[in-house]
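I have placed the structure first, in the form of structure tokens, so that the comments after it can refer back to it.
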Amino acid sequence: MRNYWHSVILEKDYCTGCTHCLDRCPTQAIRVVDGKAKIIESRCIDCGECLRVCPYHAKGAQVSSIDTLKQYKYTVALPAISFYGQFPLEYDMNTIFNGLLQLGFDEVYDVAHAAELLSVYEINMLDKAQVNKPLISTYCPVITRLIQIRFPALIDNIIKLESPMEIAARIVKNRLMTEGYKFEDIGVFYITPCPAKVTSIKNPIGLERSFIDEAISTEEIYYKLMKIIDKIEGNVPIQCATGKGIGWGRVGGQSYSMEIEDYIAVDGIEEVIKVLESMELGKLNSLDFFEGYACVNGCVGGPLNVENTFIGKNRIRKLTKTYGMEHPVNIDIELTPKNFEWDLPIEPMPIFKLDNDFRKALEKMAEIEEITQTLPGINCGACGAPTCRVLAEDIVNGTATIESCIVLYKQKK
């Protein structure tokens with residue numbers, strides 16, 4: 001198995017050990033050790049929750065800069081669909097896309113168009129009787145990774161299709177190679193709203209390798225564009241998506257584009273976990289489709305965006321109407337598995353497993369319960385673990401001791 005690369009990083013010099021991130025991490029991937037936060041990489045799903053809540057900016061995301069364009073002979077920008085929601089509506093999106101050319105890109109591909117192509121393909125999949133329902137969207141890589149490590153029983157429900165950004169990258173690179181460019185000379189840059197998308201490029205699920213080479217934050221590109229926005233020249237026709245593709249930028253947009261009636265669209269990692277727990281218990285087997293997002297309001301709420309998530313969502317909603325849901329999608333590629341489906345199966349990554357030996361795992365579980373009962377149960381976080389039960393697990397796994405509990409220590413004194 002290849003090494004797992006993470007986008008979310010910790011800047012220890014800025015960390016004060018305040019425990020804000022400890023409380024919000026959905027996979028209990030953070031501990032505070034010696035007054036500094038520590039990320040347990042095997043548990044991290046790069047959701048970016050710690051980026052949002054850290055008041056000291058001690059968490060960051062590893063992304064490329066626009067200077068990286070110099071490393072490639074031909075560069076292509078793939079602006080995330082949520083990019084539509086970052087700019088005031090008086091600015092035409094085709095002008096914005098032309099601004100990317102002015103920043104140095106050789107070409108821009110409208111990822112929202114790839115989304116509407118994918119919608120057409122997905123509708124055909126839903127019509128097949130043999131698929132497990134509810135089908136789970138792979139648009140948010142955080143949710144896919146969450147299922148791998150916390151809900152492995154739901155892996156067979158995941159729709160085995162690539163995200164719009166990967167489909168767009170495939171289309172672009174395959175075309176450019178037919179025009180004479182070498183694969184390694186083409187630099188495909190995703191303008192990303194979140195660190196999880198960066199991680200999915202470095203650690204693609206369902207693919208041997210990503211067709212995307214680099215990821216630049218929306219924030220960096222946004223401020224560069226705003227400096228030249230009133231001076232953008234040229235009017236190359238780039239924006240081509242209808243409202244069906246643009247709507248993918250907000251929660252529920254994917255299901256709406258697919259014209260599904262029986263679906264659930266959930267935003268916010270904690271709410272998604274609640275629904276997945278119900279799904280795991282078999283309570284939602286009659287549902288057709290589940291669309292889940294780690295970020296509030298969907299990708300428009302990504303932590304590497306600039307605009308307020310609710311303002312961005314409102315803009316996406318208006319643009320969906322402006323560009324029309326009734327317009328037919330321009331099918332300009334073959335709707336074949338080669339263009340849309342994964343190359344590799346998805347594997348479970350059950351990092352919460354106590355032991356491979358079932359008997360030993362039961363013994364550890366009993367020990368955890370026993371230690372948990374001796375702890376105060378106030379989940380204060382002073383020990384550096386998010387809850388008393390997690391501390392008990394750390395003790396059993398040998399990464400902490402009972403002396404870590406400050407409350408018990410004081411009581412003994």
Side-chain angles (χ1 to χ4, degrees), residues 78-87 89 93 96-97 109-126 134-144 158-159 161-168 190-194 196-197 200 218 239-269 271-272 275 287-305 307-330 340:
L78 303 182
I81 302 170
S82 57
F83 205 64
Y84 274 87
Q86 299 304 296
F87 300 89
L89 295 176
M93 281 311 298
I96 298 293
F97 288 163
Y109 187 95
D110 189 356
V111 177
H113 176 54
E116 59 189 10
L117 291 171
L118 181 55
S119 296
V120 176
Y121 192 84
E122 282 181 314
I123 291 170
N124 295 331
M125 286 198 70
L126 270 176
L135 282 174
I136 299 174
S137 167
T138 57
Y139 186 36
C140 178
V142 172
I143 306 308
T144 306
I158 295 174
I159 194 165
L161 299 176
E162 271 308 323
S163 64
M165 70 177 193
E166 277 293 343
I167 292 166
Y190 184 63
I191 301 175
T192 182
C194 75
K197 296 285 190 180
S200 71
T218 297
Q239 195 286 322
C240 60
T242 68
K244 293 177 181 177
I246 297 168
W248 278 55
R250 65 185 178 113
V251 62
Q254 181 181 3
S255 301
Y256 191 60
S257 176
M258 294 165 62
E259 301 178 0
I260 298 175
E261 292 186 6
D262 194 8
Y263 73 89
I264 294 179
V266 184
D267 57 336
I269 188 71
E271 296 303 318
V272 169
V275 174
L287 193 69
D288 284 333
F289 194 70
F290 173 70
E291 180 183 343
Y293 298 87
C295 300
V296 173
N297 289 326
C299 289
V300 77
L304 300 184
N305 280 331
E307 189 55 88
N308 174 278
T309 176
F310 294 96
I311 295 174
K313 178 185 176 182
N314 183 50
R315 288 175 183 163
I316 293 284
R317 179 180 59 82
K318 290 179 178 178
L319 288 170
T320 299
K321 291 183 178 180
T322 299
Y323 287 97
M325 291 292 295
E326 71 284 356
H327 299 312
V329 175
N330 177 25
F340 293 93

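FYI, side chains are in, hydrogens and waters are out, and symmetry mates aren't considered; it's all heavy atoms of this structure. This one's a predicted model, so the numbers in the text were calculated from it and none came from an experiment.
- Applying the salt bridge (Lys or Arg N to Asp or Glu O under 4.0 Å) rule to pairs touching residues 253-263 yields nothing, sequence neighbours excluded.
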Per-pair distances, 0.1 Å, donor-acceptor, side chain in residues 241-252, under 3.5 Å, sequence neighbours excluded:
from, atom 1, to, atom 2, distance (Å)
Thr242, OG1, Glu116, OE1, 2.6
Thr242, OG1, Lys244, N, 3.2
Trp248, NE1, Ser119, OG, 3.0

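- The side-chain heavy atoms of Leu78 and Asp110, taken from C-beta on, include no pair separated by under 4.5 Å.
- Looking only at side-chain heavy atoms (C-beta outward), Val329 and Leu117 come within less than 4.5 Å of each other.
- Tyr323 meets the ring pair (Phe, Tyr, Trp, His ring centres under 6.0 Å) test with no other residue; sequence neighbours excluded.
- Counting heavy atoms from C-beta on, the side chains of Ile191 and Pro79 come closer than 4.5 Å.
- The minimum heavy-atom distance between Cys299 and Asn305, with the atom names listed, is O-ND2, 3.0 Å.
- Atom CD of Glu162 sits about 13.0 Å away from atom OH of Tyr139, to the nearest 0.5 Å.
- Distance check: Glu122 CD to Phe289 CZ gives 5.0 Å after rounding to the nearest 0.5 Å.
- Nearest heavy atom pair, residue Thr309 against residue Val300, reads O-CG1, 3.8 Å.
- With contacts defined as side-chain heavy-atom distances shorter than 4.5 Å, the pair Met93/Phe83 qualifies.
- Taking CG of Asp267 as the reference point, atom SG of Cys140 lies at 10.5 Å (rounded to 0.5 Å).
- The closest side-chain donor-acceptor pair between Glu291 and Tyr256, if any, does not fall under 3.5 angstrom.
- The ring pair (Phe, Tyr, Trp, His ring centres under 6.0 Å) check on Phe290 picks up nothing, with sequence neighbours excluded.
- The minimum heavy-atom distance between Pro164 and Ala114, with the atom names listed, is O-CB, 3.4 Å.
- Gly85 and Ile316 make their closest contact through N-CD1, 3.6 Å (heavy atoms, listed as atom of the first residue, atom of the second, distance).
- Side-chain contact between Asp288 and Leu135: absent, with no pair of heavy atoms (C-beta onward) separated by less than 4.5 Å.
- Residue pairs meeting the salt bridge (Lys or Arg N to Asp or Glu O under 4.0 Å) criterion with at least one partner in residues 315-328, sequence neighbours excluded, are Glu307-Arg315.
- When the ring pair (Phe, Tyr, Trp, His ring centres under 6.0 Å) test is applied to Tyr190, no partner is found at least two apart in sequence or on another chain.
- Atom SG of Cys194 and atom CG of Leu304 lie 6.5 Å apart (nearest 0.5 Å).
- Residues Ile264 and Leu287 are in side-chain contact: their nearest non-hydrogen atoms beyond the backbone lie under 4.5 Å apart.
- Leu161 places a side-chain heavy atom less than 4.5 Å from the side chain of Leu118.
- By the 4.5 Å heavy-atom criterion applied to side chains, Val266 and Tyr293 are not counted as neighbours.
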